[in-house]
Amino acid sequence: NAGVTQTPKFQVLKTGQSMTLQCAQDMNHNSMYWYRQDPGMGLRLIYYSASEGTTDKGEVPNGYNVSRLNKREFSLRLESAAPSQTSVYFCASTALELAFFGQGTRLTVV
Amino acid sequence: GQQLNQNPQSMFIQEGEDVSMNCTSSSIFNTWLWYKQDPGEGPVLLIALYKAGELTSNGRLTAQFGITRKDSFLNISASIPSDVGIYFCAGPTGANSKLTFGKGITLSVRP
């Protein structure tokens, strides 16, 4: 019963470094999302993908890129990390508007 | 975009008390969802509402889809310590029905 799996769970980056957050779902869902969660800000949508091969910007896309590699996988890339990107990142997939979330990636940029 | 408003940001209650929280929007929603996030975990769906006026229960939790379709309510009865967490409302918006979340209410339960 894997559901939505995110890797890594924790990461510390230096300013300017790049990294890719991985997300995979095994529920055959079409839609996948990346959110970031900051204290008092709720869940803010970075990018989403309504289906394989399509991606769209959300509320806070600057500094991020995404790739919908196939139906299962949706990755989030930080090309040049900045301290403002310190956050907890959640991947989700949806079926019939119901979202299932991964356990999150806690990213610190120093 | 469509906004979902949740206030206050934090609520503090005594174990055994009931608590009610609401979520409002200036726009109509056709689906209302309530999620709970335990510390260190991702949000988990509690209740989904699909019809104006609908009242749905899940154990000690009851949620209602407002008649105007611009609000929803979540009630927790006889609170227990494990009710601690962040409660989010959410709804699909836009052409691709992407999910929008409220800012969440952090619930603390004093034993």
Side-chain angles (χ1 to χ4, degrees), chain A residues 1-7 9-10 21 23-25 27 29-61 66 68 74 87-106, chain B residues 1-11 21 23-25 28-51 54 56 58 63 65 69 72 85-108:
Chain A
N1 254 15
V4 180
T5 303
Q6 288 182 238
T7 55
K9 285 191 168 47
F10 300 94
L21 280 63
C23 176
Q25 53 97 1
M27 296 174 283
H29 291 165
N30 285 322
S31 298
M32 297 185 74
Y33 299 73
W34 276 104
Y35 293 90
R36 61 177 287 174
Q37 184 176 26
D38 302 291
M41 303 294 288
L43 291 161
R44 292 185 293 169
L45 182 63
I46 305 171
Y47 270 93
Y48 73 106
S49 170
S51 60
E52 184 181 349
T54 68
T55 61
D56 286 287
K57 293 179 181 178
E59 184 185 352
V60 289
V66 290
R68 183 76 183 266
F74 189 38
S87 187
V88 182
Y89 291 85
F90 286 99
C91 176
S93 68
T94 62
L96 298 176
E97 301 163 340
L98 305 181
F100 298 84
F101 285 83
Q103 290 213 301
T105 296
R106 187 172 293 274
Chain B
Q2 290 170 286
Q3 303 278 341
L4 290 172
N5 303 306
Q6 291 186 263
N7 289 294
Q9 193 171 338
S10 302
M11 299 180 79
M21 48 188 87
C23 183
T24 62
S25 174
I28 285 173
F29 277 76
N30 293 317
T31 300
W32 287 92
L33 307 170
W34 284 93
Y35 285 82
K36 183 197 176 198
Q37 183 180 27
D38 288 327
E41 302 287 330
V44 173
L45 180 69
L46 295 174
I47 293 179
L49 302 159
Y50 298 103
K51 197 172 163 185
E54 179 182 355
T56 297
N58 178 5
F65 191 141
R69 291 160 66 193
S72 177
I86 305 176
Y87 291 80
F88 292 100
C89 61
T93 64
N96 284 323
S97 295
K98 64 181 187 291
L99 269 189
T100 296
F101 283 80
K103 286 188 168 32
I105 294 176
T106 300
L107 180 66
S108 299

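Keep in mind that this is a model prediction, so the values were computed, not measured. As a basis for the values below, the full set of heavy atoms in this structure was taken, side chains included, without hydrogen atoms, waters or symmetry mates. Chain A is the first sequence line, chain B the second, and so forth, proteins listed ahead of strands; every chain is numbered from 1.
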Heavy-atom pair of closest approach, residues [X] and [Y]:
{"X": "B/Leu45", "Y": "B/Ile47", "answer": "CD1-O, 3.7 Å"}
{"X": "B/Ala48", "Y": "B/Leu33", "answer": "CB-CD2, 3.5 Å"}
{"X": "A/Val4", "Y": "A/Cys23", "answer": "CG1-SG, 3.7 Å"}

*For the residue pair B/Phe88 and B/Cys23, establish whether any side-chain heavy-atom pair is separated by less than 4.5 Å.*
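They are not in side-chain contact.
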*With only heavy atoms counted, which part of A/Ala99 is less than 4.5 Å from chain B, the side chain, the backbone, both or neither?*
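Both backbone and side chain of A/Ala99 come within 4.5 Å of chain B.
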*asked:* Counting only non-hydrogen atoms closer than 4.5 Å, does A/Leu43 touch chain B with its backbone (N, CA, C, O), its side chain (CB onward), both, or neither?
replied: both
*Ring-ring centroid check A/Phe101 B/Phe101, cutoff 6.0 Å*: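 Yes, the ring of A/Phe101 comes within the 6.0 Å limit of the ring of B/Phe101, centre to centre.
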*Calculate, to the nearest 0.5 Å, the distance between atoms CG and SG belonging to B/Leu49 and B/Cys89 respectively.*
11.0 Å
_Proximity breakdown for B/Leu99 and chain A, heavy-atom pairs closer than 4.5 Å_ =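 Its backbone and side chain both get close to chain A.
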Give each N or O donor-acceptor pair spanning chain B and chain A at a distance under 3.5 Å, with atom names and distance to 0.1 Å, or state none.
{"from": "B/Thr31", "atom 1": "OG1", "to": "A/Glu97", "atom 2": "OE1", "distance (Å)": "3.0"}
{"from": "B/Tyr35", "atom 1": "OH", "to": "A/Ala99", "atom 2": "N", "distance (Å)": "2.7"}
{"from": "B/Tyr35", "atom 1": "OH", "to": "A/Ala99", "atom 2": "O", "distance (Å)": "3.2"}
{"from": "B/Gln37", "atom 1": "OE1", "to": "A/Gln37", "atom 2": "NE2", "distance (Å)": "2.7"}
{"from": "B/Gln37", "atom 1": "NE2", "to": "A/Gln37", "atom 2": "OE1", "distance (Å)": "2.9"}
{"from": "B/Glu41", "atom 1": "OE1", "to": "A/Gln103", "atom 2": "NE2", "distance (Å)": "2.6"}
{"from": "B/Leu99", "atom 1": "N", "to": "A/Tyr33", "atom 2": "OH", "distance (Å)": "3.4"}
{"from": "B/Leu99", "atom 1": "O", "to": "A/Tyr35", "atom 2": "OH", "distance (Å)": "2.9"}

